[in-house]
Amino acid sequence: MSIPEFNEIVEPNDQTEARREHLERLRDLIGNVYPNKYRREVLQDGQVIIPDQKATITNVARFARPIKDKHISELPEGEKPSDEHRDAANAELNQYRIRIAGRLAVPPRVMGKAAFVHLSDGIERLQIYVRKQDAKAVNNDTGETIDEEGTAWELFGLLDHGDFIGVEGFLFVTKTGELSVHVETIQFLSKAMFPMPDKMHGISDPELQRRFRYADLIASSLQVERDDLTTREVFERRAKLISGMRRFLDDNGFIEVETPMLTPKATGAAAKPFKTHHNALGIDLYARIAPELYLKRLTVGGFEKVYELNRNFRNEGLSQKHNPEFTMLEFYAAYMDVNGMMDFAEAMIKESVQKATGGSLQVNYDGRAIDFSKFERLTMKKAIVRHWREENRQLGNEFFEIQWLDSPVQVARLRRFLAYMSVAEVEYVQSANPTRYIIEDAKKIIDEKAMEARIKEAKNIWFSVSDEIQENTSEVFESFEKNVVELFEIVAEEKLIQPIFIIDYPKSISPLSKASPENPNVAERFELFINGMECANGFSELNDPQEQYERLIDQMKEREGGDEEAMVLDEDYIRALAYGMPPAAGIGIGIDRLVMLLTNKHSIRDVILFPHMRPERKEGETVE
RNA sequence: GGUCCGAUAGCUCAGUCGGUAGAGCAAAUGGCUUUUAACCAUUGGGUCGAAGGUUCGAGUCCUUCUCGGAUCACCA
């Protein structure tokens with residue numbers, strides 16, 4: 001592996017070379033081109049009224065704008081304020097001496113012996129006005145201003161779009177009514193060697209957006225026009241959602257904890273882990289796939305309400321909805337059951353969504369309104385029936401009278417029908433799941449007459465099923481449960497657009513969940529679906545150590561049977577439960593997916609600052 | 001892994017039927033002391049993702065490969 005030259009990283013071309021030359025000329029002019037600090041502040045009558053760390057461009061602009069607005073109200077496009085109003089505004093504004101620093105958000109607009117440019121702190125921008133005869137430069141080696149006439153103007157001429165400078169001067173309003181800083185001293189702070197992203201389009205290639213996130217974020221503050229959230233705003237919204245959730249949990253008596261990221265056993269969820277090795281201990285460790293079992297150990301230990309908001313790692317495929325590391329909020333509350341947890345989670349999500357959106361419970365996702373003000377609750381079977389009937393109506397036939405899928409015969413009938421109607425049979429989509437039922441796709445490839453014939457045949461199959469099914473055996477029952485879940489995924493999942501808790505999961509696929517007191521085959525478990533995405537998963541936690549032991553042993557058997565994602569037995573967890581865990585409910589909430597919904601993003605990589613990508617490869621390098 | 005789409009100047013993109021490589025922005029030089037996607041004039045800037053093929057001639061057609069995106073299958 002060869003170490004690249006600086007020039008291979010900052011490749012010389014006409015853009016970078018021009019900037020590099022400017023940097024050298026600046027060095028001759030003012031010395032150190034990367035000084036260590038700049039003191040920002042706002043003064044009135046020699047008194048500091050906004051101190052250094054608070055004197056951001058955003059804060060200064062928000063401080064000064066109301067003063068301007070007192071005299072000059074919002075003007076229509078192209079109209080200028082009267083001299084009288086402007087003089088009044090300036091009389092007040094001129095008394096503030098300000099020192100601000102930021103990045104040149106636009107290329108300098110030079111007009112002979114004066115120039116305008118906007119400085120940005122990433123959020124807001126403030127215009128500065130530099131007049132040749134009024135401005136002095138700062139020597140960065142001595143810290144003193146350079147008295148020589150024209151030095152500041154020369155310095156200004158060597159600035160490029162994207163450079164950082166600090167300026168001192170006074171506030172005023174221009175002829176066109178824009179709040180500005182009349183610059184008296186100018187200090188160079190840092191150079192942008194690369195040209196800034198396109199001011200109209202930003203960075204449009206999604207790969208470059210993610211790979212060079214810093215440049216994408218710069219583009220957020222430079223872009224002139226935009227119709228959706230900038231990248232910066234996406235991540236600000238993400239931060240607000242997360243802080244809203246933390247606040248809600250803290251206010252409700254939860255304590256935030258951190259449990260191991262590197263664990264000797266990958267448990268708590270059904271997933272493949274990343275494996276690593278600890279040299280000193282001489283053991284293999286797994287990046288955690290879920291913090292669940294650790295958090296429940298803490299409820300054993302007496303933390304009645306705990307939460308952890310952090311990363312999980314799963315060594316699985318990447319997709320729009322899947323990143324190898326993703327952020328999950330998990331929390332557990334003693335003495336609560338699944339119903340109490342749904343109430344609580346709903347309240348928490350509502351409040352934090354409002355914090356993130358600035359008050360609204362409605363968001364636009366992909367042209368569709370998603371309404372967080374109402375969370376429906378529906379059993380899995382009812383969801384299947386509801387959405388199956390919708391398909392059925394589209395089909396224009398009404399012979400299916402499914403009740404509530406409460407017998408294996410009904411489930412088997414529906415499943416057989418779907419398998420029969422599958423488009424894969426006519427070899428339209430070779431890779432398609434054979435049980436996938438896509439009516440629109442089917443219509444594309446078979447005409448109406450053929451469709452009618454198929455439906456007729458399906459009808460025969462439908463009624464032939466009952467003879468084959470032997471009810472009331474445990475084997476039939478287990479496959480019945482699995483079929484229900486499968487049907488749910490095929491028929492209903494993608495149609496669950498508005499927030500909905502799906503309840504009554506089969507116990508067999510919920511090894512950490514308690515059974516319902518009403519039905520021993522049903523787990524007290526829910527999943528929250530929004531826009532067809534699973535966003536949360538919770539249940540009444542199983543706290544009987546003996547039963548938990550047996551359920552995990554069953555999982556181990558499935559693992560031996562080839563299910564790589566079945567859970568493994570964690571002996572210490574069983575021991576912990578044996579110390580006694582109070583009845584409790586828990587939930588895991590996929591933060592990235594919620595953020596996607598709140599920011600109208602279709603890819604999880606757009607809501608993760610640095611998503612995992614293939615490494616950059618230079619020409620000539622080969623794949624290993 | 002399958003299918004579809006894409007890769008042209010530093011950036012965003014055009015490029016007709018196969019016939020001299022284009023625009024805007026950015027850059028360089030000059031002008032302009034209240035502009036704001038500043039403006040005016042001039043100039044430079046290209047291995048058209050890579051390799052091979054067809055052709056008198058390829059950015060354009062064909063084959064293979066690389067990278068990326070979308071989508072399907074697995075998964076939260």
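Below, all heavy atoms of this structure are taken into account, side chains as well, without hydrogens, waters or symmetry copies. Keep in mind that this is a model prediction, so the values were computed, not measured. Here is how names work: the chains are called A, B, and so on, in the same order as the sequence lines, proteins then strands, and each is numbered from 1.
Among residues two or more places apart in sequence or in another chain, the side-chain contact (heavy atoms from CB on, under 4.5 Å) test is passed with Leu208(A) by Ile203(A), Asp205(A), Phe212(A). Evaluation of the salt bridge (charged side-chain N to carboxylate O under 4.0 Å, His left out) rule for Arg27(A) yields Glu24(A) as partners, not counting sequence neighbours. Checked against side-chain contact (heavy atoms from CB on, under 4.5 Å), Glu527(A) has the following partners two or more places apart in sequence or in another chain: Tyr505(A), Arg525(A), Phe529(A), Glu534(A), Asn537(A). Taking the salt bridge (charged side-chain N to carboxylate O under 4.0 Å, His left out) definition, one finds that Glu207(A) meets it with Arg211(A), sequence neighbours left out. Glu17(A) is linked by a side-chain contact (heavy atoms from CB on, under 4.5 Å) to Pro12(A), Arg20(A), counting only residues two or more places apart in sequence or in another chain. By the salt bridge (charged side-chain N to carboxylate O under 4.0 Å, His left out) test, Asp198(A) pairs with no residue at all, sequence neighbours left out. Legend: residues meeting side-chain contact (heavy atoms from CB on, under 4.5 Å) with Ala105(A), ordered by chain and number and at least two apart, are His118(A), Ser120(A), Arg125(A), Leu222(A). Partners of Asp28(A) under the salt bridge (charged side-chain N to carboxylate O under 4.0 Å, His left out) rule, at least two apart in sequence or in another chain, do not exist in this structure.
Proximity of Arg109(A) to the phosphate of U35(B): no side-chain N or O atom is located under 4.0 Å from OP1 or OP2. Residue His118(A) places no side-chain N or O under 4.0 Å from the OP1 or OP2 atom of U35(B).
A37(B) and G69(B): their P atoms are spaced 35 Å apart (whole Å). A distance of about 16 Å separates the P atoms of U55(B) and C62(B), rounded to the whole Å. Nucleotides G19(B) and C61(B) place their C1' atoms 14 Å apart, quoted to the nearest Å. G59(B) sits 11 Å from A50(B) when the P atoms are compared, rounded to a whole Å. Straight-line distance between the C1' atoms of U42(B) and C32(B): roughly 16 Å, to the nearest whole Å.
Atom-to-atom, NZ of Lys132(A) to C1' of C32(B) comes out at 13 Å; the value is rounded to the nearest Å. Atom NE2 in His322(A) sits about 11 Å away from atom P in C74(B), given to the nearest Å.
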Protein-nucleotides 69-71 of chain B N/O pairs under 3.5 Å:
unit_1, atom_1, unit_2, atom_2, d
G69(B), OP1, Arg605(A), NH1, 2.8
U71(B), OP1, Gln320(A), OE1, 3.1
U71(B), OP1, Gln320(A), NE2, 3.4
U71(B), OP2, Gln320(A), OE1, 2.9
U71(B), OP2, Gln320(A), NE2, 3.4

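Counting any heavy atom pair closer than 4.0 Å across all strands shown, Ala269(A) reaches no nucleic acid atom. Base engagement by Phe172(A) is indicated by at least one non-hydrogen atom pair under 4.0 Å involving a base atom. Across all strands, Asn323(A) comes closer than 4.0 Å to base atoms (heavy-atom distances).
Side-chain N/O atoms of Gln15(A) and base N/O atoms of A26(B) include a donor-acceptor pair closer than 3.5 Å. Side-chain atoms of Glu178(A) and base atoms of U34(B) include no donor and acceptor less than 3.5 Å apart.
Screening residues 149-158 of chain A for salt bridge (Lys or Arg N to Asp or Glu O under 4.0 Å) gives no qualifying pairs among residues at least two apart or on separate chains.
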Contact pattern, 5' to 3', of nucleotides 3-8 of chain B - B, S or - by protein heavy atom under 4.0 Å: ------
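When both distances must be under 3.5 Å, the Watson-Crick or G-U wobble mate of A27(B) is U43(B). Pair assignment for G1(B) gives C72(B), based on Watson-Crick or G-U wobble hydrogen-bonding distances that are each under 3.5 Å. Across all strands shown, nothing is found opposite A38(B) as a Watson-Crick or G-U wobble partner with both distances under 3.5 Å.
Taking every heavy atom of residues 84-94 of chain A and every atom of RNA chain B, no pair lies under 4.0 Å.
Aromatic ring orientation, Phe170(A) versus His182(A): parallel (interplanar angle below 30°, classes split at 30° and 60°).
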